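Quick notes on the structure that follows.
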Amino acid sequence: MTNSTFRITPELPAWVWALPPATLLDLFDADVAQSAHTRSMQDYYWLQLRQMALHLIVDAPAPPATCTAEFLSRFDPYTLAGLWGGNTYSNTWTGAPGVDRQIAALLDGPQPILSGLLAEFTNRFRLWAVLPDQLHAAVRAVHPDFVFPAIDEEY
């Protein structure tokens, strides 16, 4: 399988990772925002956890992700804790106050949301890597005035 174009981690163009955090959050949340009418408490709970997870991943005080693999690595609770100055291997939280409880909430329950979000974004990025027009449309939907680089050199 040496000539395969399949990648475990799909790569998006570098300009995606240069977007401001607020634009990234809007881009990553656009599909869910369209179906924001929750039908049950479970849906509401999932949406709240999803928004909290994306905020912790995108708005971490550590430098922003610069590539797809780095972004996806942030769905690991140990990596996420480190981005906020904490260490989940320690009995005492030393990171940003309250973030330990937020990460614990993301890991709680029979279906921890971080694993589901990792799958969601891996699949979404794979689609965008194969169909860059869909990525462009998604960006245009949240940032209509965005000026795309003349050539997406990664494609």
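Residues take their numbers from the sequence shown, with the count starting at 1. Computed from a prediction, not measured in an experiment: that's the story for all the values here.
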Residues 62-81, side-chain donor-acceptor partners within the protein, below 3.5 Å, at least two apart:
residue: T66; atom: OG1; partner: E70; partner atom: OE1; Å: 2.9
residue: T68; atom: OG1; partner: P10; partner atom: O; Å: 3.3
residue: T68; atom: OG1; partner: E11; partner atom: OE2; Å: 3.3
residue: T68; atom: OG1; partner: L12; partner atom: N; Å: 3.0
residue: E70; atom: OE1; partner: T66; partner atom: N; Å: 3.2
residue: S73; atom: OG; partner: E70; partner atom: O; Å: 2.7
residue: R74; atom: NH1; partner: I57; partner atom: O; Å: 3.1
residue: R74; atom: NH2; partner: P63; partner atom: O; Å: 2.6
residue: D76; atom: OD2; partner: Y78; partner atom: N; Å: 3.1
residue: D76; atom: OD2; partner: T79; partner atom: N; Å: 2.9
residue: D76; atom: OD2; partner: T79; partner atom: OG1; Å: 3.2

Checklist entry - Do L107 and I113 pass the side chain to side chain contact (heavy atoms under 4.5 Å, CB included) test, and can you show the C-alpha distance, the side-chain angles, and the key distance before you say yes or no? => result CA-CA 7 Å; L107 299 173; I113 195 162; over 6 Å; no
Checklist entry - For F125 and V130, what are the C-alpha separation, side-chain angles and deciding distance, and is it a side chain to side chain contact (heavy atoms under 4.5 Å, CB included)? => result CA-CA 9 Å; F125 295 165; V130 173; over 6 Å; no
Next on the checklist: Between L54 and F121, is the side chain to side chain contact (heavy atoms under 4.5 Å, CB included) condition met? List the steps.
Outcome noted: CA-CA 11 Å; L54 288 175; F121 283 95; 3.8 Å; yes
Item to check | Worked verdict on V142 versus D29 for side chain to side chain contact (heavy atoms under 4.5 Å, CB included) | outcome: CA-CA 10 Å; V142 299; D29 215 22; over 6 Å; no
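Summarising the geometry of R50 relative to F28, their closest heavy-atom pair is NH2-O, 3.2 Å, with the distance given to 0.1 Å. Of all non-hydrogen atoms in L49 and A105, the two that sit nearest each other are CD2-O, 4.0 Å. Minimum heavy-atom separation, P21 to D59: CB-OD1, 3.4 Å.
Side-chain contact check for L24 versus V16: some heavy-atom pair is nearer than 4.5 Å. The shortest side-chain heavy-atom distance between F146 and H136 does not fall under the 4.5 Å cut-off. With a 4.5 Å cut-off on side-chain heavy atoms, L114 and P112 do not count as touching. With a 4.5 Å cut-off on side-chain heavy atoms, W46 and Q42 do not count as touching. Inter-residue side-chain proximity for W93 and N87 is flagged as unmet; no heavy-atom pair is nearer than 4.5 Å. Residues L135 and L127 are not in side-chain contact: their nearest non-hydrogen atoms beyond the backbone lie 4.5 Å or more apart.
Between the side chain of T122 and the main chain of L118, a donor-acceptor pair closer than 3.5 Å is present. With hydrogens and angles disregarded, no donor-acceptor distance shorter than 3.5 Å links the side chain of W84 to the backbone of G86. Proximity of a side-chain donor or acceptor of N123 to a complementary backbone N or O of A119 within less than 3.5 Å is detected.
In this structure H143 satisfies the side-chain hydrogen bond (donor to acceptor under 3.5 Å, both in side chains) test with no other residue, sequence neighbours excluded.
Atom-to-atom distance recorded for R126:CZ and L131:CG is 12.5 Å, nearest 0.5 angstrom. Separating the CG atom in L83 from the CG atom in L56 is a distance of 9.5 Å, to the nearest 0.5 Å. How far CZ of R124 is from CG of L117: 9.5 Å, rounded to the nearest 0.5 Å.
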